[in-house]
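Counting convention: from 1, in listed order, for ligands and their atoms alike. For clarity, every value in this text was computed on a predicted model and none was experimentally measured.
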Amino acid sequence: MKNLAIDVSNVAPEVSLDQINAEKENVQKHLETLMAKTGKGNDFLGWVDLPAEISADHLKSIEATAERLRNKADYVVVTGIGGSYLGARAVIDALNDSFDHLKGERKNPVILYAGHNISEDYTYELLELLKDKSFGIIVISKSGTTTEPAIAFRVLKELLETKYDKSEVKERIVAITDAKKGALRTLAEQEGYETFVIPDDVGGRYSVLTPVGLLPIAVAGFSISELVRGAKTMRDLTGTDVPFDKNPSSIYAATRNLLYQKGKKTEILVNYHPKLHYFAEWWKQLYGESEGKENKGIFPAAVDFTTDLHSMGQWIQEGERTIFETVISVGAARHRVLIPRDEANLDNLNYLAGKRIDEVNKMAELGTRIAHTDGGVPNIRIELPELNEYYLGQMIYFFEKACGISGYILGVNPFDQPGVEAYKKNMFALLGKPGFEKETEAIKKRL
Ligand SMILES: O=P(O)(O)OC[C@H]1O[C@](O)(CO)[C@@H](O)[C@@H]1O
């Protein structure tokens, strides 16, 4: 059976295969630190062995709750921000029928999202949609105190409480949070919501294989056991016993850091399947929040091709040569659509008649890779056999493992995020949050 594979044959002349292989000892040392859970931020290394530690009973309990929500609600609102919703959305979007939410007869609830912004209009429009619908809420916050999901949960809970009695409200809310602390844990205990725990030693951006991702993915109707099986396979394929040149995560971590050292300051994650747009959003947080520290780190950007070849293609082809691309190359499309012949042939496309649309997509991918590498944009390729739960599980773990190694190569702690507190402190001061009186006075003097 094929596995995710990496192809770094298109990163020369900026980085040669010899230079990549010369990183072997250094990378192997970081991999061993990661696997021994002794590295920087070692209190957040619970994700490393998580795929092998998830029990069948644990999956069954998640699936049972998912079934309960699926039978009860036509809409389920996943309420969380950052790692508390991006992993779920990445997998659900990658697997879902693009127009499922518009189809009358559905076998799965429509998954909606809230608490990932502070938009009053978005929130109003969501409440307007839900006020006459049967809906449930999965509220997710590791800290239990993040402002965005807390505001969204307040207004959604209030709507639910106008529609149902207390016992029914309880049946329609699941909280996923810290085992013991935080406002959400306290609220869930008081209200009697069913809860799942985000392990203390798994950071938010690494938590997709905890109930944070697994419950929403199961509610959406996808196989969490297959997702975990894929992640478990990739854990085995990226272990310390695997030779460096056979370890895709090690090669990716080494190659991207060598490109960074050569002045390639921005990495653009590229997909040729619009369903992977949110996978790229998940990847941006994983790498951006893990590496953007001490005024260094590769800037993670993302584009959807060929769509964005018509918007960003010019910059990528001829802009500053400080970028490289990491292309997710998916083997096979899941469905078939053939291009019809047209007698008039006014569009001159009859040369494509009878071909699958995916064949055109593949040639666009190859043509773009040649054009961009010719233009001085190194290309790393991640080859994914197909878009299903198993291979998404492989790709999630592949990027998580590489991110830990890459952060160690960069010399930062890949598992904390001190920088995110700055905006929060200012926001609380400007809002006059109790306890921030000094900060409020200080910031107002600056306005
Ligand atoms: O799950 P929580 O604690 O609400 O945090 C949500 C997100 O906010 C951050 O803590 C950044 O503020 C991310 O690391 C995290 O994924």
Side-chain angles (χ1 to χ4, degrees), residues 40-41 43-47 50 77-92 113-119 123 137-157 173-188 193 195-217 278-293 297 300 396 399-400 403-404 406-407 412-431 433 436:
K40 283 184 183 176
D43 42 355
F44 279 99
L45 286 168
W47 60 271
L50 186 60
V77 187
V78 175
T79 305
I81 197 165
S84 286
Y85 97 107
L86 282 170
R89 190 164 195 176
V91 172
I92 293 167
Y113 300 91
H116 56 314
N117 59 50
I118 317 180
S119 163
T123 307
I137 308 168
I138 303 175
V139 54
I140 307 170
S141 177
K142 180 175 172 67
S143 62
T145 57
T146 306
T147 304
E148 291 90 338
I151 290 173
F153 182 56
R154 240 187 209 217
V155 295
L156 286 165
K157 180 163 79 76
I173 295 175
V174 179
I176 305 176
T177 188
D178 186 273
K180 295 183 290 297
K181 61 184 184 302
L184 183 54
R185 169 54 62 188
T186 306
L187 179 65
Y193 302 147
T195 64
F196 285 93
V197 170
I198 307 173
D200 279 348
D201 60 358
V202 178
R205 57 188 175 276
Y206 291 86
S207 66
V208 59
L209 298 175
T210 74
V212 169
L214 297 181
L215 180 61
I217 293 165
Y278 265 90
F279 188 92
E281 292 305 301
W282 170 83
W283 172 87
K284 279 160 60 178
Q285 181 198 5
L286 179 63
Y287 280 78
E289 211 168 57
S290 296
E291 295 196 314
K293 290 154 189 173
I396 284 166
F399 277 122
E400 285 180 346
C403 190
S406 185
V412 298
N413 174 356
F415 306 114
D416 63 4
Q417 53 284 330
V420 301
E421 298 314 316
Y423 97 88
K424 295 177 187 178
K425 188 170 65 63
N426 292 342
M427 180 177 70
F428 295 151
L430 289 164
L431 288 168
K433 181 174 181 177
F436 279 75

> Any idea which heavy atoms bring Ile396 and Trp282 closest together, and the distance?
Replying inline: O-CH2, 3.6 Å

>> Just to verify, what does Phe44 make a side-chain contact (heavy atoms from CB on, under 4.5 Å) with, not counting sequence neighbours?
In response: Lys142, Phe415

>> Tell me whether Ser207 contacts the main-chain N or O of Gly204 through its side chain, where contact means a donor paired with an acceptor under 3.5 Å.
In response: yes

> Among protein heavy atoms, which lies nearest atom 12 (O) of ligand 1, and at what distance?
Replying inline: Lys424 NZ, 2.8 Å

> Looking at Val420, which atoms of ligand 1 are within less than 4.0 Å of one of its heavy atoms?
Replying inline: 11 (C), 12 (O)

> Does any N or O atom in Gly83 lie less than 3.5 angstrom from one in ligand 1, N or O only?
Replying inline: yes

> For Glu289, which residues count as a salt bridge (Lys or Arg N to Asp or Glu O under 4.0 Å) partner, sequence neighbours excluded?
Replying inline: Arg205

>> Is there a polar contact, in the sense of an N or O pair closer than 3.5 Å, between Ser84 and ligand 1?
In response: yes

> At a 4.0 Å threshold, what atoms of ligand 1 neighbour a non-hydrogen atom of Gln285?
Replying inline: 13 (C), 14 (O), 15 (C), 16 (O)

>> Under a 4.0 angstrom heavy-atom cut-off, which atoms of ligand 1 come close to Glu289?
In response: 11 (C), 13 (C), 14 (O)

>> Within ligand 1, which atoms have a heavy atom of Ile81 less than 4.0 Å away?
In response: 6 (C), 7 (C)

> Looking only at non-hydrogen atoms, which of Ile140, Val139, Thr146 approaches atom 5 (O) of ligand 1 most closely?
Replying inline: Thr146

> Is a side-chain donor or acceptor of Arg185 paired with a backbone partner of Gly144 at a separation under 3.5 angstrom?
Replying inline: no

>> If you take the nearest heavy atom of each of Gly203, Ser290, Ser143, Gly80, which one is closest to atom 3 (O) of ligand 1?
In response: Ser143

> Thinking salt bridges, do Asp416 and Lys293 make one under a 4.0 Å N-O criterion?
Replying inline: yes

> Between the side chains of Tyr206 and Ser290, is a donor N or O closer than 3.5 angstrom to an acceptor N or O?
Replying inline: yes

